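None of these values were measured; they are calculated from a predicted model. By convention in this document, chain letters (A, B, ...) are assigned in the order of the sequence lines, proteins followed by strands, and residues within each chain are numbered from 1.
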Amino acid sequence: MSDRLTVATWNINSVRLRLPIVERFLIEHAPDVLCLQETKCPDANFPAGAFRKLGYEHIAINGQKGYHGVATLSKRPFLREARRDYCGKGDSRHVATDLAFAGSSVTLHNFYVPAGGDEPDPDINAKFAHKLAFLREMGDELTAAARPSVIVGDLNVAPYEHDVWSHKALLKVVSHTPIECDLLEAVREAGSFVDVMRRFVPMEEKLYTWWSYRAKDWSAADKGRRLDHVWATSDLASTATVIAALRDIRGWPQPSDHAPVITTLEA
DNA sequence: ATGGTCGCTAAGCGA
């Protein structure tokens with residue numbers, strides 16, 4: 001049974017403040033599924049009604065007050081929902097859903113990996129130690145990942161040379177240090193996942209999903225990083241296509257500092 | 001050059 005499923009991922013940095021542009025995105029791009037990160041919203045206050053009105057009737061949320069938070073919005077019903085408390089800290093950083101796909105099902109993991117603070121040394125920076133522990137736990141879990149599976153989200157690591165505006169300038173900057181880049185590769189390989197964005201954009205081509213709020217003119221400076229990712233198991237990756245980071249959306253009014261990424265899965 | 005800007009929630013923290 002042939003099928004097609006479009007999956008978007010977007011760190012929106014407050015779902016309530018960003019509701020107008022999330023609605024605009026859903027109307028203009030109409031993915032089957034949208035995975036949000038940094039919703040910063042307790043579940044009781046999640047604006048589910050606004051999304052249901054746009055046809056996203058199935059909503060899996062894992063939120064908390066003020067920080068983190070993920071949500072998966074879907075036109076297609078969920079066969080299963082699961083949430084894992086990575087590192088046992090009570091942070092809302094993961095929700096998994098199973099969706100009907102091609103006569104069977106696909107598992108979709110939505111992750112928000114800890115940013116890791118400023119100092120890339122786990123001995124003096126507990127936030128960086130947490131980030132590394134979180135990634136190691138991801139690797140342990142994903143070794144046994146169901147097939148087919150897709151992982152999307154803000155992984156807060158830009159692993160390759162051209163995932164950042166300057167490899168040399170960022171070697172000691174959290175998100176692009178060798179320890180994180182090597183660990184993210186090990187996590188991906190532990191579950192035999194394919195980096196779908198890089199299947200479509202050559203390794204030597206710059207590719208970003210995030211631009212800091214701090215730049216005077218983010219687009220002109222273009223000091224971006226590829227922090228958001230789409231991974232798929234090899235059975236899906238062979239037919240997956242990516243609309244790489246929708247950069248224009250970074251320039252919408254009151255934007256998130258991340259751009260969304262859309263992937264089409266076909267089987 | 002070691003800031004610069006956001007969003008939460010009510011001064012400072014996290015990103």
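The 5' end of DNA chain B is approached more closely, in terms of each residue's nearest nucleotide, by Val15(A) than by the other of Val15(A) and Tyr67(A). Heavy-atom distances to DNA chain B give each of Gln254(A) and Lys127(A) a nearest nucleotide, and the one nearer the 5′ end belongs to Gln254(A).
The side chain of Lys40(A) approaches dC8(B) more closely than any other nucleotide in the set dC8(B), dC6(B), dA15(B). The nucleotide whose nearest atom lies closest to any side-chain atom of Leu17(A) is, among dT5(B), dA15(B), dC8(B), dC8(B).
Rounded to whole Å, the distance from CG on Leu227(A) to P on dG14(B) is 19 Å. Between Leu155(A) atom CG and dA15(B) atom P there is a gap of 15 Å when expressed in whole angstrom units. For the pair Trp211(A) CH2 and dT5(B) P, the interatomic distance rounds to 20 Å; values are reported in whole Å. Rounding to whole angstrom units, CZ of residue Arg16(A) and P of dG7(B) are separated by 13 Å. Here dA15(B) presents its P atom at 13 Å from CD of Glu180(A), a figure rounded to the nearest Å. Taking atom CH2 of residue Trp252(A) and atom C1' of nucleotide dC6(B), one finds them 20 Å apart after rounding to whole Å. Taking atom NE2 of residue His176(A) and atom P of nucleotide dA15(B), one finds them 20 Å apart after rounding to whole Å. Atom CG in Asn11(A) sits roughly 16 Å away from atom P in dC6(B) (whole-Å rounding).
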Nucleotides 1-3 of chain B: which of its N/O atoms have a protein N/O under 3.5 Å away?
none

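Of the residues Glu204(A), Glu185(A), His167(A), the one that meets the side chain to side chain donor-acceptor pair (under 3.5 Å) test with Tyr160(A) is Glu185(A).
Contact annotation: Ser212(A) does not reach the phosphate of dT5(B) (side-chain N/O to OP1 or OP2, under 4.0 Å).
Distance check on atom C1': dA10(B) versus dG14(B) gives 15 Å, rounded to whole Å. The gap from the C1' atom of dG12(B) to that of dA1(B) amounts to 25 Å, rounded to the nearest Å. For the P atoms, the distance from dG3(B) to dG7(B) is 22 Å, rounded to whole Å.
Using modelled atom types, one finds a donor on one side chain and an acceptor on the other under 3.5 Å when comparing Arg93(A) with His68(A). Asn13(A) and Tyr213(A) form a side-chain donor-acceptor contact under 3.5 Å, judged by distance and modelled atom types alone. Between Thr6(A) and Asp32(A), the side chains place a donor N or O and an acceptor N or O closer than 3.5 Å (distance only, hydrogens not considered).
Aromatic ring pairs are classed by plane angle as parallel below 30°, tilted from 30° to 60° and perpendicular above 60°; the pair Phe111(A) and His109(A) is parallel.
Scanning for salt bridge (Lys or Arg N to Asp or Glu O under 4.0 Å) contacts around Asp163(A) gives Arg198(A), Arg226(A), with sequence neighbours left out.
Ring to ring, Trp10(A) and Phe25(A) are close: their centroids are under 6.0 angstrom apart.
Contacts of Lys65(A) with the nucleic acid, taken as non-hydrogen atoms under 4.0 Å apart, involve only primed sugar atoms and P, OP1 or OP2.
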